[in-house]
Amino acid sequence: MSTLRQLFLANNAQTTNFPLLLEFVRAEGIYMYDAQGKAYIDLISGIGVSNLGHRHPAVVDAIKDQLDKYMHLMVYGEYVQTPQVRFAEKLVSILPDNLESVYFVNSGAEAAEGALKLAKRFTGRRKIIACHNAYHGSTHGALSVMGNDEFKRGFGPLLPDVSFIRFNDQTDLQHITEQTACVIIETIQGEAGIHPATPAYMQALYARCKQTGTLLILDEIQAGLGRTGKLFAFEHYGIVPDILLLAKALGGGMPVGAFISSNNIMGALKDNPILGHITTFGGHPVCCAAGLAALNVLLDEKLIDQVADKEMLFRSLLVHPAIKAVRGKGLMLAVEFENFELNKKIIDCCIENGIVTDWFLHCSNAMRIAPPLIISHDDIKKSCDIIIKCINQCSQ
Ligand code: PLP
């Protein structure tokens, strides 16, 4: 009889020839458990998703409650579905005034797709600017604004009229003109290996967009919802985007994404022609119920207030001659090593010792530290002890 691993390799489409092949049977809080009962700390939150840890009881209850009422009823935007309405109401109540209209989709890439279309339709322009080393998803439109040619190989032609500027380089902002529909940019670049925008850059970008009538799309799919120590990462910069992208942690472990803008801008999808963006499952009632419960927990338990302190603890413990830098903001950190080989050895050792981490799509010599925000000080110490032990072991 085939093992589960053999079946996975045979029947489930593979995205690399070297999948992690970890097999978990249960997950709770910051821990994931294998069939032998071995516990692993999820130090990457399933790549920025499990901000409240796995299976937060309030989220599980909200899902069960909604399951007992209804699941899918109708494509997005026609019926008045309570979970969608309540979730949008809550999001709008915690966002700046111009971010008042929420379009729910299923994923981060879909949020990026919707936002790019919206910017073109609203401005009547066709040029799009993105950043080198950006990651906004893997569908055709989102791939078109990915700032790494290697991952685009074999998929052309992609969207025309997309050009790239250097992240955090103010001299490149001159490329934004009256012909530019939008700039799409991560507030903190994630897959580039965690690079926060500088305040001066973000403010200059904002000003240039305003000057040229270009819409500013901030992708906070990875950085949003408390991870950086503010509810939204743009709050660190004193600016507000025209369109905000959220996904990943938005559903509390369930799949939901959103692009959020003003009623004026979002109105462009309503007519000329109608149905400017369509999704069957976007804003699935069960996912929206989960997302609302997760957001309430995040706010009620004041988890964001503890993020800066936890970042400091990581930074104070992750000190070693083999560590070249610790970058990032809040619990969105990258630990940089000399090269990929060393990083990979340390990551393998960490996994062996019950700490799950990985590297970044566009940065293979840095290790990702993005645990659930609920991680305790003791578990941070435990994680860092193991990481340092592995660095010692692998860097000899
Ligand atoms: N934008 C950013 C910044 C991301 O990190 C990701 C995923 O890693 C995405 C967009 C795409 O999200 P999804 O995988 O849900 O399509």
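Whatever order the structure lists ligands and atoms in, that order sets their numbers, starting from 1.
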Residues Ile221 and Lys248: closest non-hydrogen pair is O-CB, 3.3 Å
For Ala109, the ligand 1 atoms with a heavy-atom partner under 4.0 Å come out as 11 (C), 12 (O), 13 (P), 16 (O)
| field | Neighbour count above 12 (heavy atom, 6.0 Å) for Tyr70 OH | value | yes
Are His195 and Asn168 linked by a side-chain donor-acceptor pair shorter than 3.5 Å? no
Nearest heavy-atom approach of Gln14 to Phe8 is NE2-O, 3.0 Å
* Residue-ligand contact Asp219/ligand 1, heavy atom below 4.0 Å -> yes
Item to complete: Flag Ile47 as yes when one of its N or O atoms lies below 3.5 Å from any N or O atom of ligand 1, and as no otherwise.
Response: no
Worksheet entry | Verdict with reasoning, Lys210 to Asp242, per salt bridge (Lys or Arg N to Asp or Glu O under 4.0 Å) | CA-CA 10 Å; Lys210 281 282 164 278; Asp242 296 297; 3.4 Å; yes
Sub-3.5 Å N/O-N/O distance, Gly108 and ligand 1:
yes
>> Under a 3.5 Å threshold, yes or no: a donor from one side chain and an acceptor from the other, between Thr228 and His236?
In response: yes
Closest to atom 5 (O) of ligand 1 among protein heavy atoms sits Gln222 NE2, 2.7 Å
* For atom 8 (O) of ligand 1, decide whether some protein heavy-atom distance is shorter than 4.0 Å. => yes
> Below 4.0 Å from any atom of ligand 1, is there a heavy atom belonging to Lys248?
Replying inline: yes
The closest protein heavy-atom partner of atom 4 (C) of ligand 1 is Tyr135 CD2, 3.8 Å
*Is the centre of the His277 ring less than 6.0 Å from the centre of the Tyr76 ring?*
no
The atoms of ligand 1 lying under 4.0 Å from a heavy atom of Glu186, numbered in the order shown, are 3 (C)
